[in-house]
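What follows is one structure encoded as C-alpha cells, with my remarks underneath.
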Amino acid sequence: MDFVLRDDFENWKGFLPLTFTRPIAELRIGILTLKEKWDKHLNTVCTYQTQPYLSKKFPGISSQAIYISSHYCPDKNLAEAIKGLKQNEALYKDQELVAFYGDFKDLEKVSAFKKIDYPAPIFFIKNLWDIFQKNGEALKADFDFLTKGRTSNPLSESVTVIGDRNLIFLEEGAKIEACILNTSSGPIYLGHDSEMMEGSVIRGPFALCEHAVVKLSTKVYGATTVGPHSRIGGEVSNSVIIGYSNKGHDGFLGNSVLGEWCNLGADTNNSNLKNNYGNVKLYSYAKQKQIDTGLQFCGLIMGDHSKSGINTMFNTGTVVGVGSNIYGGGFPPTHVPDFSWGGSEGFESYKLEKLFETAERVYERRGLTFSDTEKEILSYVNEGKLKL
C-alpha cells in the first residue's frame, strides 16, 4: 500500500514562508519532521502531494493510495486506523478530513465515501506558531517513540544531571563533556554524531539532531529543537531550527522558527515579548496582513536562505521571508519580504544570481551541491507566480 502526505492548499499557505521551499510534511516539530514520523509509524516511505513547482524535489503519485492530510502527527493508534482504511473510506476528526483511500482525483467526491470518525485526540499543527508552541509535546512523544526498548550510549561522568537520567538519550557518536543537563521539565536527546561543548546548560525538553552542535557555554531553555547539521550558541528558548542553519554566537533567540540555510550573525537578538505584555501579531502570507496570534510570547520566523548581519535586532513577531539578507542598525520591519537586501533604512531586491553564489558556497561547506532543482524552486518563488 502507498501512503501519500497531502498538502491542502489553505493549510500549506498558513505555514508560509517556511513552505515556499517545502511541503508541510518536511516541517520539523519535536525531534523528527512530520514525514519522518509517518515513515516510522507506517514502516514505509511516504510520498508527497504538494504544490506543482515543488514536486520535482518532493515527488508523489496520483494513483490508488491512502492520502493523509500532512499537518497531522501520527501515533500508534492513528497509524493503525489509517492502515485499516478500505477503498472509498475516509477518516475524519471533528468534521476535518484526516485521510482517505482512493485516487487523488477522488478528493472532490470524498464526501460520498464511507465516513469513519476517529474517537481519540490527534496532535496536529494548524498555525505557523504551532511549530514552537507545540514543540514540547511533540518532542516528548518523539523521544518516547525513538528510545522505547533501546539503551542510550553512556553519559560521561563529567556531565552534571538534574532530574531523571533515564530521560537523557545519546545516539551513536554523540559527544558531550562538562555540561549541566536538567530533565525536570522534559527529556534531552542527542542525535547521531552531535556534539554539546563544555560549559553548556540545557533544560529539557531538548533535541540536538544528527551532526548538530551546541557551542561553548550555551544556555538553552526547552522546548527547543536544533535540526540536523545546525549550530547554536548564546541563549535559546523554545525555538525550532529545521536544519542546516546557524545561530553560532552570543545573542538571544526565543519562541522562534528558523528554516534551512539561515545564519544569524554575532549578537543577533530577537524580542519575544512586547513591552506592554499584549498579544503578538504576526504577518500572514495567506491573509496578506498582520494577524493576532493570541500569544504573549512570539519571536522570529525566518524562511530558508535568509541571513542577518552582526548586531541585528528583530522586534517581537517578525517574519522574514525566503532569501533575504538583513543588516544595519535599528529594527527592521516586522515583515521582511522575500528576497530583500537591507535593513531599517530600507530594502532593495536581493538579486538571484548573488543569492545563488552564496548558496553554492554554503552548500560546499557541508559537502553538498546546490542543485538546479533548488534554483528552480527559488526562482519560481522570486517570480511571484504563486497565486495566494
Side-chain angles (χ1 to χ4, degrees), residues 17-18 20-22 26-28 31 33 36 56-58 171-176 190-198 200 207-218 220 224-234 236 239-251 253 256-268 300-312 320-327 336 338-341 350-379 381-382:
L18 299 174
F20 270 134
T21 47
R22 61 175 57 80
E26 287 295 319
L27 294 172
R28 187 176 305 279
I31 301 173
T33 66
E36 288 169 344
K56 186 175 179 180
K57 181 178 179 181
F58 304 101
E171 297 283 5
E172 189 70 32
K175 295 186 291 186
I176 176 172
L190 277 68
H192 288 280
D193 298 318
S194 61
E195 181 178 8
M196 190 177 296
M197 295 184 183
E198 54 271 23
S200 295
L208 187 66
C209 298
E210 59 267 24
H211 297 281
V213 176
V214 174
K215 298 184 73 177
L216 287 167
S217 299
T218 300
V220 179
T224 291
T225 297
V226 182
H229 299 270
S230 299
R231 289 173 176 259
I232 61 166
V236 181
S239 295
V240 175
I241 299 174
I242 293 177
Y244 292 92
S245 289
N246 291 334
K247 182 226 172 291
H249 304 284
D250 284 343
L253 181 71
S256 298
V257 184
L258 304 184
E260 293 185 325
W261 309 109
C262 300
N263 188 74
L264 302 186
D267 205 33
T268 291
L300 170 68
I301 309 294
M302 179 175 278
D304 288 9
H305 294 281
S306 286
K307 296 168 176 59
S308 69
I310 187 171
N311 293 327
T312 302
V320 175
V322 172
S324 291
N325 196 319
I326 302 104
Y327 57 88
V336 178
D338 308 288
F339 306 101
S340 296
W341 179 289
Y350 191 177
K351 295 180 180 179
L352 269 184
E353 58 269 26
K354 294 294 185 183
L355 188 154
F356 290 169
E357 288 175 7
T358 300
E360 286 170 356
R361 289 192 288 268
V362 171
Y363 274 59
E364 284 174 4
R365 292 182 63 202
R366 309 282 189 160
L368 300 173
T369 300
F370 182 56
S371 69
D372 289 340
T373 300
E374 301 278 359
K375 293 178 183 178
E376 290 168 9
I377 290 172
L378 291 170
S379 296
V381 177
N382 177 257

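Taking the charged nitrogens against the carboxylate oxygens, Glu376 and Lys57 have no contact shorter than 4.0 Å, which rules out a salt bridge.
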Could you please spell out the steps behind the side chain to side chain contact (heavy atoms under 4.5 Å, CB included) verdict for Asp193 and Glu210? CA-CA 6 Å; Asp193 298 318; Glu210 59 267 24; 5.9 Å; no
Please lay out, stage by stage, how Glu357 and Lys351 fare under the test salt bridge (charged side-chain N to carboxylate O under 4.0 Å, His left out). CA-CA 10 Å; Glu357 288 175 7; Lys351 295 180 180 179; over 6 Å; no
Hey, mind stepping through Thr225 and Ile31 against side chain to side chain contact (heavy atoms under 4.5 Å, CB included) and telling me if it holds? CA-CA 7 Å; Thr225 297; Ile31 301 173; 5.9 Å; no
Residues Phe20, Asp304; criterion side chain to side chain contact (heavy atoms under 4.5 Å, CB included); working and verdict: CA-CA 9 Å; Phe20 270 134; Asp304 288 9; over 6 Å; no
Working note: Lys375 + Asp372, criterion side chain to side chain contact (heavy atoms under 4.5 Å, CB included); need CA distance, chi angles, decisive distance, verdict. CA-CA 5 Å; Lys375 293 178 183 178; Asp372 289 340; 4.0 Å; yes
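In this structure, Leu190 and Lys175 approach most closely via the heavy-atom pair CD2-O, 4.3 Å. Nearest heavy atom pair, residue Lys307 against residue His305, reads NZ-O, 3.7 Å. Of all the heavy atoms in Ser194 and Cys209, the pair that sits closest is CB-O, 3.6 Å. Asn246 and Arg366 make their closest contact through OD1-NH2, 3.4 Å (heavy atoms, listed as atom of the first residue, atom of the second, distance). Looking at every heavy atom in both residues, Gly191 comes nearest to Ala174 through O-CB, 3.6 Å. Between Gly227 and Ala212, the closest heavy-atom pair is O-CB, 3.5 Å.
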Please report, to 0.1 Å, the donor-acceptor pairs under 3.5 Å made by any side chain of residues 256-267, with sequence neighbours excluded.
unit_1	atom_1	unit_2	atom_2	d
Ser256	OG	Gly254	O	2.7
Ser256	OG	Leu300	N	2.8
Ser256	OG	Leu300	O	3.4
Glu260	OE1	Arg22	NH2	3.4
Trp261	NE1	Tyr363	OH	3.0
Asp267	OD1	Asn269	ND2	3.4

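Here the straight-line distance linking atom CD of Glu198 with atom CD1 of Ile176 works out to 10.5 Å at 0.5 Å rounding. A distance of 11.0 Å separates CD in Glu353 from OG1 in Thr358, rounded to the nearest 0.5 Å. Taking CD of Glu360 as the reference point, atom CZ of Phe370 lies at 6.5 Å (rounded to 0.5 Å). Between the CG atom of Leu355 and the CG atom of Leu378 there is a distance of 6.5 Å, given to the nearest 0.5 Å. Atom OG of Ser217 sits about 9.0 Å away from atom CG of Asp250, to the nearest 0.5 Å. Here the CD atom belonging to Glu374 is positioned 11.0 Å from the OG atom belonging to Ser379, to the nearest 0.5 angstrom.
Using a 30° and 60° split on the angle between ring planes, Trp341 and Tyr350 fall in the perpendicular class, above 60°.
Under the 3.5 Å distance criterion, the side-chain polar atoms of Ser200 are matched with a main-chain donor or acceptor of Lys215. In this structure a side-chain-to-backbone donor-acceptor pair under 3.5 Å is present from Asp338 to Val322. Proximity of a side-chain donor or acceptor of Lys247 to a complementary backbone N or O of Gly233 within less than 3.5 Å is detected. A donor-acceptor contact shorter than 3.5 Å is absent between the side chain of Arg28 and the backbone of Gly243.
For Glu172, the side chain to side chain contact (heavy atoms under 4.5 Å, CB included) test picks out Asn153, His192, with sequence neighbours left out. Under the side chain to side chain contact (heavy atoms under 4.5 Å, CB included) criterion, Ser324 pairs with Ser306, Val320, Ile326, Val336, Ser340, sequence neighbours left out.
When the options Val226, Ile232, Leu208 are evaluated for a side-chain contact (heavy atoms from CB on, under 4.5 Å) with Val220, the one that passes is Ile232.
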